[in-house]
Structures are given as C-alpha cells and as structure tokens.
Protein chains: 2
Amino acid sequence: MTLSLREKRRQETGLQIQKATLELAMKSGLDNVTTDEIAAKSGVSTRTFFNYYPNKEAAAIGHPPRFTQAQMDALRVGSGPLAADLKQFLDIHIAALSEREDIVRMVGNVLRSNDKARGILEGLLSAERGVLAEALCARVNDRQTATSLANNVTSAIRAAILLWRQEEGMTLGSALDVVWSGLLDAALLLSSTQNNEAKS
Amino acid sequence: MTLSLREKRRQETGLQIQKATLELAMKSGLDNVTTDEIAAKSGVSTRTFFNYYPNKEAAAIGHPPRFTQAQMDALRVGSGPLAADLKQFLDIHIAALSEREDIVRMVGNVLRSNDKARGILEGLLSAERGVLAEALCARVNDRQTATSLANNVTSAIRAAILLWRQEEGMTLGSALDVVWSGLLDAALLLSSTQNNEAKS
DNA sequence: TCTAAACCTTGCATAGTCTGCAATTTTTGC
DNA sequence: GCAAAAATTGCAGACTATGCAAGGTTTAGA
C-alpha cells in the first residue's frame, strides 16, 4: 500500500478535480458548468481533465469507497446469524461513507438531476453488488438467493443515504438503523406466508 | 383513450425512432452511432430527432411500460397474503414486458455498455419505485418497510430480465418465478433470527 | 367549408463535449 | 546525472444538443 510520488499526486489531483467539480455543481448545477471551468478551477488544462475522468459526471462521482476484502471474507466465513453479519457489513461501509459526508451530500445532489451521473454510479454499484452476491453465494448456496440478499444490502445503503439527506439531525449510521429495521420487517412480511408458493 | 391523428403520429414516429436507434446500436454499439444516422434511418431531420428525445440514449430506452393504476389499486386494497399479491403484481408487469421481448433484449444490450442509458432507465424505475412504495405504505403502514418491499419488487424485475437474457430457452415469466423463489428464500433467511435486533 | 390558432418540422448558427496526435515537461530508477 | 516512462498540454476535428425563425400541417369552431 505504499504509493510512489507519482501515484500520490495522481490521487490528489483526482480528488482536487472532484471537489472542484462538485463545488461548481452546487452553485449552478452540473449541467451548467463547463469542463473548461472545472479544469481552470482545478488548476489543470482541459485536456488533462479528460486524462483523469472520461467526463464531468465521472469527475463528480469520483471514486466511492468499495467493499473491502476483509468485509467480504467476514461474510463468507461468517459465524453469527446471517442478518447480523449483513448488518455489520453495512455498518462498516456506512462508516466509510461517514468519513466523507460532505462529498456524499454533494454527490447526492448531482444524482438528483443528472442521468449520466446516476448511470455511472449505478454501474459501479452494480459491479459491487455482483461481487457481494458472489461472496454470499458461498454462504447460502443458491445464486438467486444470494443475488436477492446483495440487492437488499446495496439498496439499504442507498436508502440510508436518502433518509439521512432528508432528515436534518440524523447521522448516516442512525439512518441505516432505521432502514435496516424496515428491511427486516419487509422480510418478515414476505416470509410469513411461507409454504404457499416458495418453490412454485 | 382515443388519440387524435396528431397524437397517433407522434407515438408512431417516436417508436420508429426508438427502433431505428436500437437496430443501429445492435450493429455498432450506441456510442458509435451518430444522431445524424439515427435521424436519417428514421426518416426525420436531425433537428426533429431532438424534438422526440433529448438524446440518443433516451431514444434507445423509449417509453417502457409503467405500473398501471389497476395494479396499484389491487395492491392497496389487496386481500390475499402480501407475498402473493406482490407476485401477481410482478406477473402483470412481466407480461407487459413479454409483449416487447425484442425491444427488451435490445435495450438490455445498450444498458450493458452505456452509462447514460443506464441512468435514464434508473431514473424512470426510481420514480416507479417511489409510486409503488407510496401504494404499499397504505398497506403496511410503515414507510421504510414499504420502501424495502418496493425495492425488492423492482429489483426482481431487473433480475428476471437479466436471468432471461442469459439462459437460452427461458421465458420472462419462468425467469421471474426463479427470481421470486430466491427472493422469498432470502426473506426467510433474513427473518429467521428475528428478535435479535429488529428494532435495535 | 373555411380560417385562425396551435403545433410540427426543418435548417442554420453556435456553444459545448470528447478524442487523437505530437510536442514538451516531469518523474523514476539506476 | 541520465535515459526511459509517464504526464501535461495545445490543437484540430468529429459529434452532441439547443435556440431561433421560417415555413408547413392539423385542429377546432364558426
């Protein structure tokens, strides 16, 4: 995990550009900001901007935290009840997001009105979801079940962010708790009439 | 539901443009197709193309079937067990999609590689999900629970299409059955250790 | 049937996005 | 220090998307 000077700079400049993008987007909306303005504010040429991100939407999204290997492994070999392990998985991820609250909020703003940004993030999330489903598959031994669980996990993250953005004095963590309890209730409702048609 | 000549033409031209877009996209990938080509193939001017859709990705997506009022009402006042009502809701929607299999398949292709298209569809789905959550809220009396259920429903649609695209001899309906059974299993797993921390 | 209003289509001009290329500068490893 | 590797930059050019204004078509009502 040691970074060469080059790698470190690259990372810093990338972050710099993301912040410039988001700040400008907060003022006028991303659609009304030009790549020229972003580049100028970031202190690089327009051409260089495109060396860092393929488009301004990607610059706004930046590089969200990914699920870590440790998180995955904990799930695969998990000892506790599945629900508890998943909740812990989510807690870890939400903690990572909490360290960048400002960025999360601004990115959320962009996502409201920009289709392309939404698509980019959705693509990243979808990849993460796939990896998570793969890991869960080792635990529950059924691909569709794993997929559904992975769906619920990533949806919970999105829902928690949404709730946190809209309720004033809430932390991301407490928003997750609320979402999670709703998710468990939903699961209970769905499984209460179990043997009706579970395996068609 | 009677359409004036004007409305009918508009609808036909819109569909025409979507099909032209998708066919060209199948050949070379949407990114390698210009709006000029699409317009030419659709028999309208480039300028008119942009009167129908704001960009080529939107043209590729077109106007997917929405949840109908009847579907919603059935859920709101539903009599059976919730899971059964939701499954029926899904069956209806999947039936609507089945009538456009060719388009569904081509759109799916575009979504693979085009972020903007993904974002546009995600936006539409997200709106539908919100409406559905609203309806479910009347039934389960808790917003987060309703949101989670709505998430599972729209995810199931996506998962069913994905499964159908990847397994050769499958119908959309049978793909949904497989997905649904996985979803119920997941719900069961999540709710099996119920009283641990459901309400934190 | 005729007509004015509403609506559509189109071409043109223009701002903005994004890529390839080649010249220049910076960083790296030795 | 120095040559190789990598990053930055300007420029040219294809493509996307919108405003505007000039015409053409449809609609509704007298």
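Note on naming: letters A, B, ... go to the chains in the order of the sequence lines (proteins, then strands), and numbering restarts at 1 for each one. For the numbers below, each heavy atom of this structure counts, side chains included, while hydrogens, waters and symmetry mates do not.
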Round to a whole Å and report the spacing from [atom1] of [X] to [atom2] of [N].
| X | N | atom1 | atom2 | value |
| --- | --- | --- | --- | --- |
| Asn51(A) | dA22(C) | CG | C1' | 14 Å |
| Asn32(A) | dA15(C) | CG | C1' | 13 Å |
| Lys56(B) | dT18(D) | NZ | P | 14 Å |
| Glu7(B) | dT27(D) | CD | P | 9 Å |
| Glu37(A) | dA15(C) | CD | P | 15 Å |
| Arg10(A) | dT27(C) | CZ | P | 14 Å |
| Lys8(B) | dT26(D) | NZ | P | 13 Å |
| Phe50(A) | dA12(D) | CZ | P | 18 Å |

Is [Y] close to [X] at the side-chain level, that is, under 4.5 Å between some pair of heavy atoms?
| X | Y | answer |
| --- | --- | --- |
| Glu122(B) | Arg129(B) | yes |
| Leu22(A) | Asn109(A) | no |
| Phe67(B) | Ile92(B) | no |

Taking only N and O in the side chain of [X], is any of them less than 4.0 Å away from OP1 or OP2 of [N]?
| X | N | answer |
| --- | --- | --- |
| Lys116(A) | dC18(C) | yes |
| Thr34(B) | dC15(D) | no |
| Ser45(B) | dT9(C) | no |
| Tyr53(A) | dC18(C) | no |
| Tyr52(A) | dA7(D) | no |

Taking for Leu30(B) and for Arg9(B) the nucleotide of DNA chain D with the nearest heavy atom, the one nearer the 5' end belongs to Leu30(B)
Salt-bridge contact Lys56(B)-Glu37(B) (side-chain N to carboxylate O under 4.0 Å): no
Nearest-nucleotide wise, let me know which of Asp36(A) and Arg47(A) is further upstream toward the 5' end of DNA chain C. Asp36(A)
Result of checking Arg76(B), Arg139(B), Arg143(B) against Glu134(B) for salt bridge (Lys or Arg N to Asp or Glu O under 4.0 Å): Arg143(B)
Hey, does Thr48(A) reach any base, or is it just sugar-phosphate, or nothing, if we go heavy atoms under 4.0 Å? base
